[in-house]
Amino acid sequence: MAMNYLTWHKTASWATLLTGCIHSLNFLSEPQPQNETEKQLFDLLENYKFALPGGFERSMGELMLFFNLDMSIFLISWGIINLFIARYFMPSAKDRPFLWLNLVVMTIYLVATYLLTFLIPLMCVGIMWLFFAVAAFTYKPIS
């Protein structure tokens, strides 16, 4: 039996949740410098403070920590929200806009990932995007 759009949507949602959990593993270990140049770079990353608007001072390490935390929260939340919607509100006659919204958001996220990261996140986001795309394109309205 062929998988319907709801199954693909749930698969995409689980892939999103799993990617967020994998991304949060980043908090379990600290990268270690391999040479003197990296040691100096890591020291600057953690200790050199930027003067930001509003009187705030933050290091690049603190900003990177925020972005890592933000990305994990976004992916885990997006996956949970999609699973919740799939469980309680799908299937219905109004699923198409929601499926396309997921695809648009994941397309923007995929482009940003392609331009700014490396292979492993690109593969994870590409898999999520593929599942959301198949869910959107296999949608058939309920009679």
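Just so it is clear, the model here is predicted, and its values are computed rather than measured.
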Item to check | 4.5 Å side-chain heavy-atom contact, Met90 and Leu99 | outcome: yes
Checklist outcome for this item: side-chain contact (heavy atoms from CB on, under 4.5 Å) filter on Tyr88, not counting sequence neighbours, yields Phe84
Item to check | ILVMFWY cluster membership beyond Ile80 - transitive side-chain contacts under 4.5 angstrom | outcome: Trp14, Leu17, Ile76, Leu83
Item to check | Side-chain donor or acceptor of Glu57 paired with backbone N/O of Gly55 under 3.5 Å | outcome: no
Checklist entry - Which other residues end up in the same hydrophobic cluster as Leu28, if Ile, Leu, Val, Met, Phe, Trp and Tyr are linked when side-chain heavy atoms come under 4.5 Å apart? => result Leu25
Next on the checklist: Just to verify, what does Lys49 make a salt bridge (Lys or Arg N to Asp or Glu O under 4.0 Å) with, not counting sequence neighbours?
Outcome noted: Glu62
Item to check | Phe98 vs Asn82 side-chain heavy atoms within contact, under 4.5 Å | outcome: yes
Item to check | Exceeds 12 heavy-atom contacts within 6.0 angstrom, atom CD1 of Ile120 | outcome: no
Next on the checklist: What's the separation between atom CE in Met123 and atom CG in Leu130, rounded to the nearest 0.5 Å?
Outcome noted: 13.0 Å
Checklist entry - Taking only residues two or more places apart in sequence, or in another chain, which ones meet Ser77 in a side-chain contact (heavy atoms from CB on, under 4.5 Å)? => result Ile73
Next on the checklist: So, using side chain to side chain donor-acceptor pair (under 3.5 Å) as the criterion, who are the partners of Gln40 when residues are at least two apart?
Outcome noted: none
Checklist entry - Would Val105 end up clustered with Val111 when hydrophobic side chains under 4.5 Å apart are linked, directly or stepwise? => result yes
Checklist entry - Heavy-atom distance under 4.5 Å between the side chains of Phe27 and Leu69, does that happen here? => result yes
Checklist entry - Are Leu116 and Leu45 joined in one hydrophobic group, where the rule is that I, L, V, M, F, W and Y side chains link up if heavy atoms are under 4.5 Å apart? => result no
Checklist entry - Are any of the side-chain heavy atoms of Asn102 and His9 separated by less than 4.5 Å? => result yes
Checklist entry - Just by distance, with hydrogens left out, do Tyr5 and Asp95 show a side-chain donor and acceptor under 3.5 Å apart? => result yes
Item to check | Which residues share a ring-ring contact (aromatic ring centres under 6.0 Å, His included) with Phe74, sequence neighbours left out | outcome: Trp78, Tyr109
Item to check | Distance-minimising heavy-atom pair for Leu6 and Pro91 | outcome: CD2-CD, 4.0 Å
Next on the checklist: Can you tell me how far apart CD (Gln34) and CD (Gln32) are? Round to the nearest 0.5 Å.
Outcome noted: 8.0 Å
Checklist entry - Which value, rounded to the nearest 0.5 Å, describes the distance between Ile85 atom CD1 and Arg87 atom CZ? => result 14.0 Å
Checklist entry - Transitively linked via ILVMFWY side-chain contacts under 4.5 Å: Met60 with Leu52? => result yes
Checklist entry - With sequence neighbours left out, what residues match Ser72 under side chain to side chain donor-acceptor pair (under 3.5 Å)? => result His23
Next on the checklist: Show every salt bridge (Lys or Arg N to Asp or Glu O under 4.0 Å) that has at least one partner inside residues 37-47, sequence neighbours left out.
Outcome noted: none
Item to check | Minimum-distance pair of heavy atoms, taken over all atoms of Thr107 and Leu103 | outcome: OG1-O, 2.6 Å
Next on the checklist: Ignoring hydrogens, what is the shortest heavy-atom contact between Leu110 and Leu122? Give both atom names and the distance.
Outcome noted: CD1-CD1, 3.9 Å
Checklist entry - Nearest 0.5 Å, what's the CZ-OG distance between Phe50 and Ser59? => result 8.5 Å
Checklist outcome for this item: Contacts of Trp129 meeting ring-ring contact (aromatic ring centres under 6.0 Å, His included) (sequence neighbours excluded), chain-then-number -> none
Next on the checklist: Please give me the minimum heavy-atom distance between Met128 and Thr16, naming the atom from each residue.
Outcome noted: SD-CA, 3.4 Å
Next on the checklist: Using the ring-ring contact (aromatic ring centres under 6.0 Å, His included) criterion, which residues pair with Phe137? Sequence neighbours excluded.
Outcome noted: Trp100
Checklist entry - Side-chain heavy atoms under 4.5 angstrom apart, residues restricted to Ile, Leu, Val, Met, Phe, Trp, Tyr: same cluster for Phe132 and Tyr114? => result yes
Checklist entry - Linking I/L/V/M/F/W/Y whenever any side-chain heavy atoms sit under 4.5 Å apart, do Tyr48 and Met64 land together? => result yes
Checklist outcome for this item: With sequence neighbours left out, the residues meeting ring-ring contact (aromatic ring centres under 6.0 Å, His included) with Phe118 are none
